[in-house]
Amino acid sequence: MALAVDVVVRYRKAVTYGVHALLAALETAGVEHGLRLGTTVEETAAHIAASRADRVLVLWSFYSPDADAMAAELAAVRALEDRDGVLHIAGGVHATAEPQQVIDAGWDLAGVGEGESTIVALVEALRGGDPLTGVPGLALRDADGVALRTRPAPQLPLDAFPSFPARRGRFGPIEITRGCRYTCRFCQTPFMFGGQFRHRSVASVREHVREMAGHGLRDVRFITPTSLSYGSPGPGPDLDAVEELLAGVKEELPPHGRVFFGSFPSEVRPEHVTPEAMRLLKRYVANDNLIIGAQSGSDRVLAASGRGHDTSPVRDAVRIAVEHGFRPNVDFIFGMPGEQEDDQEASLKLAADLADLGARIHTHTFMPLPGTPWRDAEPAFIPLATVRELDRLAQRGDAYGHWRKQAEHAARLAETAKAYPRRTRRRRTG
Ligand code: SF4
């Protein structure tokens, strides 16, 4: 007879999209399990304590800057735990990049890679009492505390699983594209999801929208690394595919339904912002802003970061977006490795010019994120003059962002990276 398994989720706003994808995978696979969402440490511990199941699987997911805070929460939950059969697993991009760190921080398991097939196989293995070494996409602690990897989890077509567990009444943005063919050296996306685009079919997107409309929802948003790449395998947009998507979504929505595309939680690349693309968006979308990734005003830094564009399309993108009635929010990263004073001056100059054209500048600080080619790179120094100029832009209402907090995260990530040199991180089992 199968064992009873309860899944308890440490449910945080910052990671709902990823968690919803996992719950959707369990729902689609029809794996029997109880489910409880813990929105606080206390609620999570209470769900564990209240479970009468044989095994309790506690899901944690977090980004690299939150890893220390989540480890403290894990310790607090464990301190309140007074039953056997509980397994804590950390998944997401940080656990994928740094399974040994996650195991050392106290989790029993790390989920490595895309989690949908792993969570299904893991719950099935727990129900069957089977060894977890047969579950793909895991890192398990061996007797010496070393994180041993099982075989890799497959990267499936996006249509294999929905973006959210609709039958549980949980909704959110629809993931239309996963993976990224660009190779920005600061970004975790290609490392986590692969270097090719995988697009969800229009039919699958329409099915999501039908479910949402059936539950009275009227706003549709999307998750994608680069919105105007939808349907395209390569660097250039396929605007016919984008139109087929947007028209299909509109058809599924009631007349007062709204489509948000190229805005939160997604963005567009600057070279994709053309008059033709903007005219197309204007016919379908409700957003009044576009998020555009510029990242630097220095061609040298853009080339070193592998962005795949220089500064020339950025001014044009802002001008074109404004001309078509969008307010551009333009992302900049300060402190990228190798950035010199003149590079920062070029970024500040471009940011000020774009603000004059009508853009708002979203400022970030470079963080050496695990899994990226720049994991071990030294963030460049950001001098007081640059700080003052960013403050001045913010006071004028032309800039916003959490760049100071990110500078603190960057320092902590750099320390942790030193404690975990790359070469000690891989051994395989199963
Ligand atoms: S920053 Fe954007 S375009 Fe660059 S690799 Fe990441 S997701 Fe792709």
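For reference, positions follow the sequence shown, starting with 1. When a ligand or atom number is given, it counts from 1 through the structure's own listing order. Bear in mind that the values here come from a model prediction, so they are computed numbers and not experimental data.
Side chain of R218 to main chain of H256: a donor-acceptor pair is present (N/O by atom type, distance under 3.5 Å, no hydrogens or angles).
Sorted by chain then number, the residues whose non-hydrogen atoms approach ligand 1 to under 4.0 Å are C180, Y182, C184, F186, C187, T189, P190, P225, R269, R307.
Listed by first and then second residue, the salt bridge (Lys or Arg N to Asp or Glu O under 4.0 Å) pairs involving residues 291-305 are R300-D343 (not counting sequence neighbours).
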Let me see the working for L87 and L126 under side-chain contact (heavy atoms from CB on, under 4.5 Å), right down to the final yes or no.
CA-CA 10 Å; L87 273 179; L126 292 174; 3.8 Å; yes

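In this view, D331 satisfies the salt bridge (charged side-chain N to carboxylate O under 4.0 Å, His left out) rule with no residue, not counting sequence neighbours.
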Do any side-chain atoms of residues 156-173 form donor-acceptor pairs under 3.5 angstrom with protein atoms, and if so which ones, sequence neighbours left out?
unit_1 : atom_1 : unit_2 : atom_2 : d
D159   : OD1    : S201   : N      : 3.0
D159   : OD2    : S201   : OG     : 2.7
S163   : OG     : E175   : N      : 2.8
S163   : OG     : R200   : NH2    : 3.2
R167   : NH2    : E27    : O      : 3.2
R168   : NH2    : H33    : NE2    : 3.4
R170   : NH1    : Y11    : OH     : 3.4

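Relative ring orientation between F222 and F261 is described as perpendicular, the plane-to-plane angle rising above 60° on a 0-90° scale split at 30° and 60°.
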